[in-house]
Amino acid sequence: MAPIIEMRNVTKLFGGKMGGKNTTVALDDMTFSVDSDFPHIVTIAGESGSGKTTLMMLILGFYEPTYGQILYNGKDIWKKMTREETMDFRRNVQAVFQDPFAVYNPFYKVDNLLSIPIKNFNLAKGKEEAYELMVTALKRVGLRPEETLGRYPHQMSGGQRQRIAVARALILQPKLLIADEPVSMVDASLRATLLQHIRDMNQELRIPILYITHDLTTAYHVSDYIIVMYKGAVMEAGDVERIIRDPKHPYTQLLVNSIPWPDPDHLWGEAAEGTARSSGVYQVGCRFADRCPHAFEPCTKSRPPLFKTSDSQVAACFLYQNNEILEKKDLGSILKR
Amino acid sequence: MSDRPVIEIKDLKVYFYVKAGTVKAVDGVNLTLDPGVKMGLVGESGSGKSTMALALMRMVRPPATIEGQMFLDGVDLLTLKEEEMRRVRLSEIAMIPQGAMNSLNPVMRIRDQILDGLQDHGVRMSRADADKRITELLEIVELPKKVLRMYPHELSGGMKQRVCVAIAISMRPKVLIADEPTSALDVVIQRQVMETITRLVNTLKLSMILIGHDMGLMAQSVDRIAVMYPGKLMELGDTRDMFAEPLHPYTQALINSLPVLGKRGVFNGIPGIPPSVINPGPGCPFYDRCPKVIEGLCVKKMPPFREIKPRRFVACHLYEGVN
């Protein structure tokens, strides 16, 4: 079966042409696919400016790629699509956004967020059936429908609003869900519950999920695989357990070393190295070379390809140049073992 | 250095009055902070932790009311005149506000913003001396000298945060209050800024109250942790003890819900939602989410906040008989 979403050599530039003075390369020649036969949770991790949100906006069709193609079920989403195809794409690729306060119109009851997709996609025959759908979805995310429906957004807490957003995605039963920092604005005591719902959705309904975050602790807990990005490109990818426990790329090592684990016996490791400089400016060589403590000659000459560091882990780093190379287009293969 | 606590809060109550009733944002909190100690104040949004910080700076405006006593080095801040309090701020107790990066004036150079507070507190010096002093301050927070002449928009989030730290320590206060100083920063930068702050607090022998909701950050940076749950202080103890053996059911649930290495895919959320602070009931605010609730007691009566073993305080009926 074809992958549900496929990115082929996608580059997204802002502010000018390739090589231009003010051009920002938000995403650089990214090839990646999500397979619905293997419904995993894949984390896209990186600092701000790493291109992770750009990636989401591209997949949702909110940004047009500067170069490359984005395919939904094998069809380029930027080529002419029939109305049915567009509706199908819109219905099956869903998102939960970061800010649970910004997605609601304050003048409408929260029911609106749930009933609009039902109406748009003709999911129910009558009012009663629509109500049933809403109730089931709300119960699924642990909300009491009688205390939720009929209320306005300002009467709900951030955690409740975020759960309604997840319920909305549930109603549509999408083939791909993209969650952009869904818990970053939610209180600690509610985070675990929300992540649990996301995990359940993945396992029970077999929906593949892209979890976009800079928080590696939640990524470690919720996802199966992780793609670590830096300046618009993949630095390391593979099994989340392996990567968090034994990061190979110096950038991932820096990130993992900076995780504030809630454990007084697990304190921050060696001192953190410098900060990102000249972000997004096109340069030859490894994008991380100017911050990397292990940088050596090849790093400034050419871009490192993805070297296999184990059968379920790749790193774009010349430290592993004697290892087998994984072709960029095969990145998906590492994420379905 | 005396053994007297640098901060002693007694039965602090901060109330706001809204149409729907009284918001008891802080409701009868007792807390002491010893000199040189870094204390974390954790709680969910709406638990009153930021209000506590504002109350300590006496920056809660009427019609909101502050009751109780707050001693800073033996002086009750609530008895000071407004002008006296203004002198105390920055020079004795300083704050890195929440979202500090947005608190800088966009049309003033960094130099002038740092100097502003000093001059306002009566420090008079020549141009050259001022430049020297500010350069020193920037050095302490690990910023290059050229930042002096820059405007806030020329700095990154982490750098702006460092400028705010520089301003806060410019008069060598006794107490530094940091309200979520790293909440908008990436992990790597967060760690760098946090390490700068803790290094400063240690070398300058300040006391710090670090406010936040990130237990991970607390585990990395503070000596003692105070846990708040809407309006009330639930538990207080040394960081290690707290993580090793949380006493209050809320602290237990909170620590249990945290992602740690090695327990992948295990989620222990706390069911239910935090209560409203508008017209709260007489009982424990956690009673309806508490797995160990005592029927008929917890809903009616707020347990006292007591020291049940050395340096360990908890407000819970479960420990009524202890000690």
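Protein chains get the first letters and strands the later ones, always in sequence-line order, with residue 1 at the start of each. Computed from a prediction, not measured in an experiment: that's the story for all the values here.
Rounding to the nearest 0.5 Å places CG of A/Leu255 at 11.0 Å from CZ of B/Arg191. Of the inter-residue distances, the one linking B/Met215 atom CE with A/Asp263 atom CG reads 11.5 Å to the nearest 0.5 angstrom. Note that OG of A/Ser258 and CD of B/Glu195 are 8.0 Å apart. Values are rounded to the nearest 0.5 Å.
Both the backbone and the side chain of B/Leu217 have a heavy atom closer than 4.5 Å to some heavy atom of chain A. Looking at A/Ile244, the atoms closer than 4.5 Å to chain B (heavy atoms on both sides) all sit in the side chain, from C-beta outward. Heavy atoms closer than 4.5 Å to chain A are found nowhere in B/Asn256, neither backbone nor side chain.
Scanning all heavy atoms of the two residues, the minimum distance from B/Asp186 to A/Glu47 falls at OD2-CB, 3.3 Å. When all heavy atoms are compared, the tightest approach of A/Leu267 to B/Gln220 is CA-OE1, 3.2 Å. When every heavy atom of B/Ala219 is checked against every heavy atom of A/Trp261, the shortest pair comes out as CB-O, 3.8 Å.
Counting heavy-atom pairs closer than 4.5 Å to chain B, the top residue among A/Asp215, A/Thr218, A/Thr217 is A/Thr217.
Using modelled atom types, no side-chain atom of A/Arg191 and backbone atom of B/Ser257 make a donor-acceptor pair closer than 3.5 Å.
Residues of residues 192-201 of chain A having a heavy atom under 4.5 Å from any heavy atom of chain B, listed by number: A/Ala192, A/Thr193, A/Leu195, A/Gln196, A/Arg199.
By the 6.0 Å contact criterion, CZ on B/Arg199 is enclosed, its count of non-hydrogen atoms from other residues, nucleotides or ligands being greater than 12.
You'll find the side chain of A/Asp265 reaches within 4.5 Å of the side chain of B/Arg240, heavy atoms only.
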